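Remarks on the structure that follows.
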Amino acid sequence: MKTVVIGVIGADVHAVGNKIIDYVLKEHGFNVVNIGVLSSQEDFINAAIETDADAIMVSSLYGHGEMDCRYFREKCEESGIGNIKLYVGGNIVVGKHEFKEVEKRFKKMGFDRAYPPGTKIDAAVNDLKEDLGL
Amino acid sequence: MKTVVIGVIGADVHAVGNKIIDYVLKEHGFNVVNIGVLSSQEDFINAAIETDADAIMVSSLYGHGEMDCRYFREKCEESGIGNIKLYVGGNIVVGKHEFKEVEKRFKKMGFDRAYPPGTKIDAAVNDLKEDLGL
Amino acid sequence: MIKNEKMALEDFLKIRKEVLNTWHTGKHAGLDLDTAVAFLKSIPDEKNFAKKLKKAKALGITMIQPRAGVATLDQHIELMQFLEKEGKADFLPATIDSYTRHNRYQNAEDGLKESEQQKRSLLNGFPAVNHGVDGCRKVFDSVNVPLQARHGTPDARLISEIIHAAGWTSNEGGGISYNIPYAKSISLEDTLKYWQYCDRLVGYYEEQGIEINREPFGPLTGTLVPPSISNTVAIVEALLAATQGVKNITVGYGQGGNMVQDVAALRALEKQTNHYLKLFGFEDIFVTTVFHQWMGGFPTDEAEATALIAYASTVASLGKATKMITKTTHESFGIPTKEANAEGLRTSKFITKLMQDQVMTESEELRIEIAQIEEEVDELMHAIVRVGKGDLAQGIIHAFKQGLIDIPFAPSEMNKGLILPARDIEGKIRILEFGQLAFSDDVKMFHQEKLALRAKKQHRELSIQMVIDDIYAVSSGKLVGDKEEVPNEN
Amino acid sequence: MIKNEKMALEDFLKIRKEVLNTWHTGKHAGLDLDTAVAFLKSIPDEKNFAKKLKKAKALGITMIQPRAGVATLDQHIELMQFLEKEGKADFLPATIDSYTRHNRYQNAEDGLKESEQQKRSLLNGFPAVNHGVDGCRKVFDSVNVPLQARHGTPDARLISEIIHAAGWTSNEGGGISYNIPYAKSISLEDTLKYWQYCDRLVGYYEEQGIEINREPFGPLTGTLVPPSISNTVAIVEALLAATQGVKNITVGYGQGGNMVQDVAALRALEKQTNHYLKLFGFEDIFVTTVFHQWMGGFPTDEAEATALIAYASTVASLGKATKMITKTTHESFGIPTKEANAEGLRTSKFITKLMQDQVMTESEELRIEIAQIEEEVDELMHAIVRVGKGDLAQGIIHAFKQGLIDIPFAPSEMNKGLILPARDIEGKIRILEFGQLAFSDDVKMFHQEKLALRAKKQHRELSIQMVIDDIYAVSSGKLVGDKEEVPNEN
Ligand code: B12
Ligand code: B12
């Protein structure tokens, strides 16, 4: 059983999507570690280390995602989980933007995948299964 | 008392604006000769000659205005009323267009003034008074 | 002298020969009746207008249809496919150009040629007669939903022949509704005859087991038409159509603006159409309603125009209309682009789907409005039957001549044009000047009281200025026109 | 132990010193209370939020207010002026950024600096504390309508001080509504205290003859919140505010989706707020309502989003809300551009003006929904008072701890999070799982029956999947979620 850490980063309190992701991932047989809203990079990384997780799925809805996610990959590396799968989704930047651009920026920051606003989580589950060799 | 011929040109039956123009011009003291909808260039010109009119206000709502108004000025000239004021208004071309362009085309065709969709008739009344030296 | 009687087949076939001779496309082999019947029998149920309406009615949902039509075949097909795909239209139209509407096929031909050269539509619609059976069938083959001709043609005999033979299973119009708002000096005698023909054609197909929908044009002049007047015209045209053998009828109504009055009008329309059909002995007619989004002058601002489209959709849903004709944000300017048209459809469909399980709740106000409309319609119907000495066709001709029925702001000289409508303080359409309208004193009193109340509340006089203000009102963001601008709350 | 008692002036002033010390802008001379009072007395009536609301209420119209806020002062002023001019906003906000909401003024400062450099807003709102009294006053001077801070700040004491001293005469929030949906581990004890302070500040100004409006945040998590739950929170926060001397209160409600339930909720909210205020001895509070356009996930398509905005405006008008908070076509993506924001306002205003003379008609269905909400609110209120042994503040803390009141989908650990809402077959929000909610068996039975009916009609089981489908429903163009896609009618 693969373990995924999920949570909402930064000063962000949008809880609805997080609860749905939790439910859907469990339905698909994942071991879900949900650290909830208002979580820091450290919270994500600590949870991942403690549970020996295979992936981290970061949600950011409120628009500060770009600032909150800086150096996330580097922190993972420092903590010895540099190879963990790192996904991000939600409304990750401020305003309505061409998503291709946004995706590029987040991939450059070391995220394996970045998802546009309103993504149905089922799509991401397929990617996850692929990336984890399921 | 100045006389104005009004009507709706071509195969156009939009009658509401025509009735309002009639009412408003009369309120402003004009002698209004209303030839109604479905009027040809000849209908306008004959009415203008018969009543010794000072101006013709052509309405075209239905989109064929450009075709229906071709050579109107020339016909007026042939009929000996080449100097009559010629206005056009309504929805004079097919589709939503930058009005500046449309205005240019109609002025080139010899119209003294052309009005964009949804013109409140009161605005035109002021122009008319000015053009007729009232 | 025209009578409301079913045309004998031989008479129909005789006239048919003449009709098909009025333009060369009338000579197409597809217009052979047996060929047409065979073809129409082969089309799938989901592309049959009448059948799809039955399905919608059973589901209790409101389906949507745009207005759309351009000159050239390629562009028209592109437009149709776009509206089906991007607009999720349930039904597609061809809005016919104005030259064709006046049977000026040569003008239409010129406009079509020039449009092909300039690669932009110089016509305000699709010249179906010029495109003929082949062109119309190409359109039919290129989409997956039923097709209808929407026009405003006093004499639509040739166009009706062509579109039906091409697989288009609905036709809009009627002897009154495509005359009074769309013509100036064509007699009702003539248009009633022309439309008897169009209906008889549908009746013929019905006799061969082919279901075809007919839709009287509900909104008439689209401008402050009191519901009882447009409902009466719709009912009369349904009766005329049924007489010729039409079995599937969609009666229409154009949004007035006040929600309760609009829902009341839809409910009364459906109920009374069924009632009068039965009363005249037609037991097997399938009746549905169509709601037209605001048919008067539109606001120029696109955000406002969309608001009006969504509001109309809300009312159609609450009134459970089976179909709705949509508008676009370009309405006040000109024929919309296909993108604007699809947006209007999406706005509309979002609401009809969101609201599919909601109905307007029963209330005293609604009950009163329904009863009022029904009473007025009954009075008008009785007057028509009375002056026709029992014949509906004659009744219509005489009722219009005497102004017993009268349509506001209509261009036709066959119409008295004496009545003046105005809104009451809630925005419901009432009547200020009755002319010769066949209303009882009680009914007149009701209208007068409602309008007096408005005059009092607005501190103004009952006058034609009120009517003009009401004509401008919706396009300037109000329902009840007010001469003095509402004090700006900013 | 916190009690619902009016803060003594000396206690207030003591805490005030500390509050003003938490960030350097707290030391501004404009924050001297006498100076602030003098300034607030000088502002014209039309820029006073409380007074303008009174006027709107007297006229019976629905006024509109957007959400909006960007990092830098110049851009924020430009935005406000644009929304006033192009959007015809009746009230303006400053939506505050999320760092400020969590009192992380240094983060906000960094974001502000970076925004100034990059000339685009990297913050999701206006950092009012960082801009201080001078900045906020500049905003105030640049517009002609009243201003309000809208945030979601558990501890909003400093921000409240600054905005009021700058002439902003309304403040949104409350000890529950700005905690449970907006925080994770802050205790209710704390937030109730913080908001007693904010209310006491307004009470102080009221004592000096200055009218200031307060607005509990109605929609809570914005997601399938049953009306009785959000109404109860609004009423409780109105009572808490009144206790501190607040006199002008706007209680809020977020659109649920079913028209009748939404209008019922608005009507019950206004009635019961007034009722409970009187019951608790407050006779002179001026109560208005605010309706929030759909607060859950929005459709991505702009034509659909506009439809939803117009539909919400229709409901607000029929429910005669005094104010409406508008959304935009960019909602599902991110913070809107000023153009998109103004469009949302124009769409909204078009409807509220068009519908200003229409009300939802009285009906049995409406009456039943109002009565249902009132009964549920009464049960929740009694539970709160009971577990608080008569004290409202204690009652809230204990009621939340025990789950007697419970807000769906809230992030806060102070909330039990056991209830699950779902829609009935008409789209009305009901409750599937009650957790410890203080409802009588009768009330529970009512909900169960309604949901059982839906399950039966949709041939599906009552389960959490139903809830998830309902969460997605509106954004995908339905009201009642359906696992099986509705058979495509095309
Ligand atoms: C009501 C209406 C109808 C009614 C008309 C009833 C009647 N007999 O009067 C019906 C339903 C019958 C109808 C039919 C058609 N219509 Co129509 N109709 C409208 C609509 C919605 C309102 C028109 C109106 O009454 N406005 C209110 C009056 C007071 O305003 P007005 O007519 O614009 O006139 C004012 C000003 O324009 C100005 N003005 C007018 N003329 C002049 C002249 C001068 C010199 C000056 C200074 C000012 C001036 O002053 C007037 C008074 O204030 C408009 C769109 C809109 N504006 O929202 C479309 C519209 C005019 N119709 C249109 C079309 C295409 C048609 C049809 C071909 C097809 C169809 N869609 O069904 C048929 C045509 C029939 C024909 N042969 O003419 C198009 C025209 C397209 C274009 N130009 O690109 C429009 C713009 C709709 C659209 N966007 O597609 N229509
Ligand atoms: C409901 C809501 C709220 C509620 C939240 C209640 C709560 N505690 O949960 C309230 C009202 C409290 C709120 C507050 C605020 N909100 Co808010 N909110 C929304 C709204 C309308 C819906 C969010 C939602 O619940 N959607 C439903 C769920 C199921 O979908 P979801 O959250 O998008 O998650 C799904 C997908 O995105 C995806 N997903 C999410 N994360 C991830 C991660 C991965 C790896 C993957 C694969 C997928 C994935 O899967 C999820 C399940 O399907 C959105 C706009 C919208 N979407 O319509 C704005 C929105 C997110 N909020 C916004 C903002 C700015 C705020 C506020 C700052 C200010 C304000 N407007 O009041 C505050 C912030 C508070 C804070 N500190 O975080 C902005 C963000 C702007 C931006 N990014 O540019 C939005 C986009 C609105 C807008 N256009 O302005 N909000």
Side-chain angles (χ1 to χ4, degrees), chain C residues 46 52 55-56 59 61 63 84 88-90 144-145 257-260 299 301-311 313-315 318 342-351 353-366 425-427 473-474 477-480 486-487 489-490, chain D residues 46 52 55-56 59 61 63 84 88-90 144-145 257-260 299 301-311 313-315 318 342-351 353-366 425-427 473-474 477-480 486-487 489-490:
Chain C
E46 69 272 17
K52 189 160 176 177
K55 196 177 142 194
L59 288 169
I61 60 180
M63 292 195 159
E84 183 185 340
K88 302 198 182 71
D90 298 299
N144 306 298
V145 301
N258 174 286
M259 279 181 120
V260 174
D301 182 82
E302 299 202 356
E304 297 187 350
T306 313
L308 187 51
I309 289 166
Y311 174 55
S313 307
T314 305
V315 179
L318 289 176
E343 273 168 31
L345 284 163
R346 289 205 302 277
T347 298
S348 301
K349 187 148 218 167
F350 184 83
I351 297 288
K353 279 186 71 184
L354 196 71
M355 299 198 65
Q356 69 181 20
D357 303 309
Q358 300 186 54
V359 204
M360 181 171 279
T361 54
E362 297 303 325
S363 68
E364 189 59 10
E365 187 187 342
L366 180 59
I425 194 68
E426 291 162 325
V474 169
K478 285 168 282 178
L479 190 54
V480 188
V486 181
E489 302 87 30
N490 289 341
Chain D
E46 69 272 16
K52 190 161 176 177
K55 199 178 139 194
L59 289 170
I61 59 180
M63 290 193 160
E84 184 184 340
K88 302 203 181 70
D90 298 301
N144 305 300
V145 302
N258 174 287
M259 278 182 119
V260 174
D301 181 82
E302 299 203 356
E304 297 187 349
T306 312
L308 187 51
I309 289 166
Y311 174 54
S313 307
T314 305
V315 179
L318 289 176
E343 271 166 34
L345 284 163
R346 288 204 302 276
T347 298
S348 302
K349 187 149 219 166
F350 184 82
I351 297 288
K353 278 184 74 186
L354 196 71
M355 300 200 61
Q356 67 180 20
D357 302 310
Q358 300 186 54
V359 204
M360 181 171 280
T361 53
E362 298 302 327
S363 68
E364 190 59 10
E365 186 187 343
L366 180 60
I425 194 67
E426 292 162 325
V474 169
K478 284 167 281 180
L479 190 54
V480 187
V486 179
E489 301 88 29
N490 289 343

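Remember, it's a predicted structure, so these values are computed and weren't measured experimentally. So you know, we letter chains A, B, ... as the sequences are listed, proteins then strands, and number each from 1.
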Pick from [options]: which one has the most heavy-atom pairs with chain D under 4.5 Å?
options: Ile351(C), Val260(C), Val480(C); result: Ile351(C)
options: Ile309(C), Leu345(C), Val359(C), Val474(C); result: Val474(C)
options: Glu365(C), Glu304(C), Glu302(C); result: Glu304(C)

Nearest non-hydrogen partners of Phe350(C) and Gly477(D), listed with the distance: CE1-CA, 3.4 Å
Using modelled atom types and a 3.5 Å cut-off, is there a donor and acceptor pairing between side-chain atoms of Gln358(D) and backbone atoms of Gly257(C)? yes
Once you round to the nearest 0.5 Å, how far does [atom1] of [X] lie from [atom2] of [Y]?
X: Leu354(C); Y: Leu308(D); atom1: CG; atom2: CG; value: 6.5 Å
X: Gln356(D); Y: Leu479(C); atom1: CD; atom2: CG; value: 9.5 Å
X: Thr314(C); Y: Met355(D); atom1: OG1; atom2: CE; value: 8.5 Å
X: Met259(D); Y: Thr361(C); atom1: CE; atom2: OG1; value: 9.5 Å

Using the test side-chain contact (heavy atoms from CB on, under 4.5 Å), find all partners of Thr306(D) that sit at least two apart in sequence or belong to another chain. Thr306(C), Thr329(D), Thr347(D)
Chain C contact via Glu426(D) - side chain, backbone, both or neither, heavy atoms under 4.5 Å: both
Chain C contact via Asp301(D) - side chain, backbone, both or neither, heavy atoms under 4.5 Å: side chain
Non-hydrogen atoms of chain D under 4.5 Å away: do they reach the side chain of Glu362(C), the backbone, both or neither? backbone
